[in-house]
There are 2 protein chains.
Amino acid sequence: MALSYAILAALINQPCSGYDLVKRFNKSVECYWSASHQQIYKALAKLEDDEHLLSEKIEQENRPNKKLYTVTDSGRRHLQQWIGQGEAIAPLKSDLLVKLSVGHTVPTETLLITLDTYYQQHKEKLKSYQFIAKQYAQRPDLSREEQFQYLSLRAGIRQQLAWIAWCEEAMGFLGQPVAVRESSSVS
Amino acid sequence: MALSYAILAALINQPCSGYDLVKRFNKSVECYWSASHQQIYKALAKLEDDEHLLSEKIEQENRPNKKLYTVTDSGRRHLQQWIGQGEAIAPLKSDLLVKLSVGHTVPTETLLITLDTYYQQHKEKLKSYQFIAKQYAQRPDLSREEQFQYLSLRAGIRQQLAWIAWCEEAMGFLGQPVAVRESSSVS
DNA sequence: TAACCCATGTAACCTGTTACATGATTAA
DNA sequence: TTAATCATGTAACAGGTTACATGGGTTA
C-alpha cells in the first residue's frame, strides 16, 4: 500500500523508468521507502492498471527499450488524499534492541562486536546523508520542492544521530572505550 | 525470522502463555518487536516443533486452559548465536517522510494537520517510555538483566525524542507557532 | 444485556524476499 | 573472458494483516 504512494511521490518529482526508480529507491537517500525491483515492477503495473500512472515506451539503440512512467491527474489526487491522512505511527521494530534487551545471556565481548557492526553502519549512513545535506545547505536558492526534500533528509539525519548516540551509550555501559576506530580521537 | 528470536528473548526473561506474550509485545514497551496474536501463536507452534520451546498445559478453573512456554537449552543456544551475528540495519521506511518529501504538492494547512497527528503520537509514546524509565532510574539496585532492559528502553526514548524534535523543526519550517497545545509553554 | 477479558486458534489475502530467466553492450 | 550495466519480468515462498470462530466469566 504505502509502496504505491512512495512510487507516486518519487515519480511526481521526476518521471523515470522502473529501472531508474529502483536505483532511486535503493541508492542513497531521496526515498524514505525501500523495495526490491520485483516489487517495484509489480507495483508499477498495478498503478498503471489503476490509471494512476501512464507509461510511454522509449525505443533505444544499443540497449533494451524502457518505459517512462508519469503520474496522471488521478494519481496526483490519490497521493494528495493520502498525504492528508494522519495514520498510526509504525511500532518500533529493532533486532538490535531485542538483542540488547537480553544482553545478560551472552558474553560482553560478543555484544560489543555485534553492537559495533550496527554502530559502523549507522555512522556510514549518517555520512552519506550529511554529504547530500551539505549540497542543499550550501545553496540559498532552494525551490520549495527542494526545501521539502531537505527537510525530510534532516529527519533521516536525526534518526541516525539518535542511534549513534545510543550505541555510544551502550558501549560505555559495556565498559569499553568508545571511539577506538576513528571518531573523536583527541589530539 | 526475527519474530521467533523476539519471542525467545521475551520468554527467556519470563516464561508465559501465548496470550500473555501478545500483551507483552503490544502493550507499552518491554518488547522491541511487534506482532499480532495470530502470528505469535503460529510462531510459538513452530518454535515448539523445532524444540526451542517447551509447553506445559495449565488447567484453570473458571477460565480457559493455557499453555506455559519455556525456552529449552536448544532455544537458548539458538538465540545466543543470533545475538552474536551482526546484520544489516533495516532501511529507513517512513510514510511521514514520504509525505513531507512531496509536501509542496498539497496546501500547508493539510501538511500541518497530518504532521500534528504524528507529533502527538510520538509525544504519547515518549511519555509512556519515560514513565517506565523513571521506575528503573529510581532504583539503584538494578540487576544486570534489568540494566540491559533499561538500556534498550533508552534507545526507544532517543528515537522518540529525535522524531519529536524533527516534527517541531518541520512545524517551524511550515511557519506555524509550535507548542500551542501543551509543551514548553513558558511561564 | 451488552461489552469486554480470558485463551487459542484457522483461512484468505496482501506484502515482501529469494531465486530464476533473458539478452545485448561495455569495461577490466 | 569474466563481470558489470541496462532493462524487465515470472514463480515460489516467507512474513504479516484482516476477518472469522468459539465459549465461559466478569464488569458496567
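Every chain is numbered from 1 and lettered A, B, ... according to where its sequence line falls, protein lines coming before strand lines.
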Any sub-3.5 Å donor-acceptor pair from A:N26's side-chain atoms to A:A35's backbone N or O?
yes

What is the separation between atom CD1 on A:I7 and atom C1' on C:dG16, rounded to the nearest whole Å?
13 Å

A:F148 vs B:F173 aromatic rings, parallel, tilted or perpendicular, using cut-offs 30° and 60°?
perpendicular

If you find the nucleotide of DNA chain C closest to A:W33 and the one closest to B:Q60, which residue's nucleotide is nearer the 5' end?
B:Q60

Does the B:Q159 side chain pair with the main chain of A:A162, one donor and one acceptor, at a distance under 3.5 Å?
no

Would A:D20 and A:R24 pass as an ion pair if we require N to O under 4.0 Å?
no

When you measure from the side chain of B:T114 to the backbone of A:I83, do you find a donor-acceptor pair of N or O atoms at a distance under 3.5 Å?
yes

List every contact pair, protein side and nucleotides 26-28 of chain D side both N or O, where the distance is under 3.5 Å.
none

Please state how far atom CD in B:E56 lies from atom C1' in C:dT8, giving the value in whole angstrom units.
17 Å

Heavy atoms only: give me the nearest A:V71-A:L8 pair and the separation to one decimal.
CG2-O, 3.8 Å

Nearest whole Å is fine: how far is C:dC5 P from B:D20 CG?
14 Å

How close or far is atom C1' of D:dT17 from atom CG of B:L3, stated in whole angstroms?
13 Å

Under 4.0 Å between a side-chain nitrogen and a carboxylate oxygen: does that hold for B:E146 and B:R139?
yes

Shortest side-chain distance from A:S17, nucleotide among D:dT8, C:dA7, C:dT15
D:dT8

Between NZ of A:K57 and P of D:dT8 the distance, given in whole Å, is 11 Å

What is the distance, rounded to the nearest whole Å, between atom CE of B:M1 and atom P of C:dG16?
18 Å

Report yes if at least one side-chain N or O of A:Y19 is closer than 4.0 Å to OP1 or OP2 of D:dT8; otherwise report no.
no

Out of C:dG9, C:dC5, D:dT8, minimum distance to the side chain of B:K67 belongs to C:dG9

Determine, stepwise, if the pair B:H52 / B:S74 fulfils side chain to side chain donor-acceptor pair (under 3.5 Å).
CA-CA 5 Å; B:H52 295 319; B:S74 154; 2.8 Å; yes

Between A:K67 and A:E48, does any side-chain N to carboxylate O distance fall below 4.0 Å?
no

Enumerate the residues from residues 35-50 of chain B whose closest heavy atom to DNA chain D is under 4.0 Å, giving them by residue number; use none for an empty result.
B:S36, B:Q38, B:Q39

To the nearest 10°, give me the bend of the helix from C:dT1-D:dA28 to C:dA28-D:dT1, comparing the axes of its five terminal pairs at either end.
40°

Residue pair B:Y136, B:Q149: steps toward the side chain to side chain donor-acceptor pair (under 3.5 Å) verdict:
CA-CA 9 Å; B:Y136 281 104; B:Q149 287 167 26; 3.1 Å; yes

Output yes when a side-chain donor or acceptor of A:Q121 lies under 3.5 Å from a complementary backbone atom of A:T117, and no otherwise.
yes

Check the distance between D:dT8's C1' and A:L21's CG and give it to me in whole angstrom.
13 Å

Should A:C16 and A:Y69 count as side-chain neighbours, where that means a heavy-atom distance under 4.5 Å?
no

Among C:dT8, D:dT8, C:dC6, the one nearest any side-chain atom of A:K66 is D:dT8

B:L68 atom CG is separated from C:dC6 atom C1', nearest whole Å, by 16 Å

